[in-house]
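What follows is one structure encoded as structure tokens, with my remarks underneath.
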Amino acid sequence: MMNEIAINKSEQRIPVAGPFPDRITLELTNCCNLSCTFCPRKLMAKHQGYMDAKLAKCLIDEMTQYLPVTLVPFFRGESLLHPDWFEILQYAKSRGIGPLQLTSNGMRLDRQAAEKILDLELDFISFSVDTIDPEIYHQTRRGSCYEKVVHNILQFLELKQQKGTNLPQVQVSSVATELHRPGMEAFVAFWRPLVDRVRIYIEHSQDGYPGSIADPLPAFAQRRPCWKPFTDMIIYWDGQVALCNHDWTRAKTQSLGDLNRQSIAEIWNSPAYENVRGTHLSGEVGNLPPCDHCDHWKMFYLEPGYLGKIYENSSD
């Protein structure tokens, strides 16, 4: 599938960072109620916890000075485990932050949580499901319950229909692991008429290096800069700053900054960040983890601009 993706040869732009990130990920928690066999969580440090609600609101307040800012309140864990997830997202919505994009494994999506999410009018929510085969689901998504998750998602869709709203846009996703691939066509056929889109992600990081991809990708004559250090900031639950959404291990090395003591803008425009960007522009990322083994930079130079496959709602 990947060999069929065309290289965008006309894409010669050089990324330039603005004064503030275009997209910010707030890791509400790195705790998770599942133990998925293909998840890179095994690579991260054991230190786990929940973002302080006061810190989250302080960061949101700073974002209001640079609108629009896309906010992703999810990374490495299940956000609905956070005791104050609704309060934090409601505050972000009230402050004009957006688009707001959430991801969940669906286990905590009971009727009350579903109604709260619909009341928030998030822009986008993705549910990670992977397969319609209960046996394979329970084999790969350890700690979950297939029947409960499907019930929760279908109930969410029904409540959304009753509410008569287009928000949030709903995605159901799968990771194309060896076990999931044989049933991918049936997975897409089941969910495609029900949700706004079905997303198939490429499996990554299975060799122990965050962001690495085993599937064949088009070759490039030289390493090109990833755009993420120029557009995105990832904030761990404890206020430390990571490099991107594949930086699962920075807590084991060195943070790019500490938002308990610094502002987002201060860190974004710091020498540390500028050094990362300069390294990417030079193409010499051999000493910059996780970039040294990551393959996701290629998506910025391929058509259609992402890896994997997206299936839009079949009724559109």
Side-chain angles (χ1 to χ4, degrees), residues 17-33 39-41 44-45 47-105 108-109 113 116-117 120-128 167-168 171 210 228-251 255-270 273:
F20 199 77
D22 298 326
R23 189 170 187 258
I24 293 178
T25 292
L26 285 186
E27 182 181 71
L28 299 190
T29 180
N30 63 344
C31 298
C32 190
N33 48 350
C39 181
R41 282 179 57 81
M44 74 180 192
H47 188 46
Q48 297 184 29
Y50 300 87
M51 179 170 284
D52 183 85
K54 291 182 180 179
L55 173 61
K57 291 179 179 180
C58 180
L59 298 174
I60 289 166
D61 285 341
E62 184 182 356
M63 293 177 208
T64 63
Q65 303 173 43
Y66 299 90
L67 297 178
V69 176
T70 299
L71 179 61
V72 182
F74 158 82
F75 184 46
R76 299 191 305 175
E78 171 56 46
S79 296
L80 299 188
L81 292 174
H82 194 294
D84 301 317
W85 69 266
F86 179 72
E87 178 185 343
I88 293 170
L89 297 191
Q90 187 179 49
Y91 187 75
K93 185 73 177 180
S94 72
R95 299 288 282 147
I97 306 299
L100 287 171
Q101 304 172 343
L102 181 63
T103 295
S104 172
N105 59 42
R108 303 275 291 196
L109 190 74
K116 285 183 175 181
I117 290 172
L120 284 169
E121 295 189 338
L122 303 180
D123 297 274
F124 176 86
I125 188 167
S126 180
F127 298 114
S128 306
L167 295 177
Q171 171 181 286
K228 288 182 181 290
F230 299 83
T231 59
D232 289 37
M233 177 181 281
I234 310 295
I235 303 171
Y236 289 144
W237 66 269
D238 59 0
Q240 302 302 307
V241 174
L243 188 53
C244 76
N245 61 314
H246 294 291
D247 196 355
W248 289 68
T249 60
R250 185 153 299 273
S255 169
L256 286 170
D258 182 356
L259 285 160
N260 296 289
R261 300 182 294 106
Q262 301 165 276
S263 69
I264 296 173
E266 184 180 2
I267 295 174
W268 183 248
N269 296 290
S270 68
Y273 243 109

Nearest-0.5 Å distance, CD1 of residue Ile235 to CD of residue Glu27: 10.5 Å
pair Gln262-Trp268: side-chain heavy atoms closer than 4.5 Å: no
CD on Glu121 to CG on Leu100, rounded to 0.5 Å: 11.0 Å
Shortest non-hydrogen contact from Pro83 toward Tyr50: CD-CD2, 4.0 Å
Contact summary for Phe124 and Pro168, nearest pair of heavy atoms: N-CB, 3.7 Å
Trace of the side chain to side chain contact (heavy atoms under 4.5 Å, CB included) decision for Lys228 with Leu243: CA-CA 8 Å; Lys228 288 182 181 290; Leu243 188 53; over 6 Å; no
Expected output: side-chain Asp123 to main-chain Gln101 donor-acceptor under 3.5 Å: no
Where Pro210 and Thr249 come nearest, the two heavy atoms and their spacing: CG-CG2, 4.0 Å
Beyond-backbone contact of Glu87 with Lys57, side-chain heavy atoms, under 4.5 angstrom: yes
Side chain to side chain contact (heavy atoms under 4.5 Å, CB included) evaluation trace for Leu256 with Ser270: CA-CA 9 Å; Leu256 286 170; Ser270 68; over 6 Å; no
Rounded distance (nearest 0.5 Å) linking atom CG of Asn105 with atom CZ of Phe127: 10.0 Å
Separation between CG of Leu167 and CG of Leu122, rounded to the nearest 0.5 Å: 8.5 Å
Side-chain donor-acceptor pair present, Glu78, Ser104, cut-off under 3.5 Å: yes
Side chains of Ile60 and Ile88 in contact at under 4.5 Å (non-hydrogen atoms): yes
Nearest non-hydrogen partners of Asn260 and Gly239, listed with the distance: ND2-CA, 4.0 Å
Thr70 backbone acceptor or donor facing Asp22 side chain under 3.5 Å: no
Polar side-chain atom of Arg76 near backbone of Trp248 as donor-acceptor pair, under 3.5 Å: yes
Gln48 to Asn30 - nearest heavy-atom pair and separation: CA-OD1, 3.1 Å
Stepwise side chain to side chain contact (heavy atoms under 4.5 Å, CB included) test for Thr231 and Arg23: CA-CA 6 Å; Thr231 59; Arg23 189 170 187 258; 5.9 Å; no
Spacing of Leu120 atom CG and Leu102 atom CG [to the nearest 0.5 Å]: 9.0 Å
Results of ring pair (Phe, Tyr, Trp, His ring centres under 6.0 Å) for Trp85 - residues two or more places apart only: none
Step-by-step side chain to side chain contact (heavy atoms under 4.5 Å, CB included) determination, Met63 to Phe20: CA-CA 9 Å; Met63 293 177 208; Phe20 199 77; 4.3 Å; yes
CE-CG distance between Met233 and Leu26, expressed to the nearest 0.5 angstrom: 10.5 Å
Exam field: side chain Asp84 to backbone Met51, donor-acceptor pair closer than 3.5 Å: no
Least distance between heavy atoms, Arg108 atom then Ala113 atom: O-CB, 3.5 Å
4.5 Å side-chain heavy-atom contact, Ile24 and Leu59: no
Heavy-atom side-chain contact between Ile97 and Tyr91 under 4.5 Å: no
Main-chain N/O of Ser79 paired with Thr29 side-chain donor or acceptor, under 3.5 Å: no
Aromatic plane relationship, Phe75 with Tyr236 - under 30° parallel, 30 to 60° tilted, over 60° perpendicular: parallel
4.5 Å side-chain heavy-atom contact, Pro21 and Ile264: yes
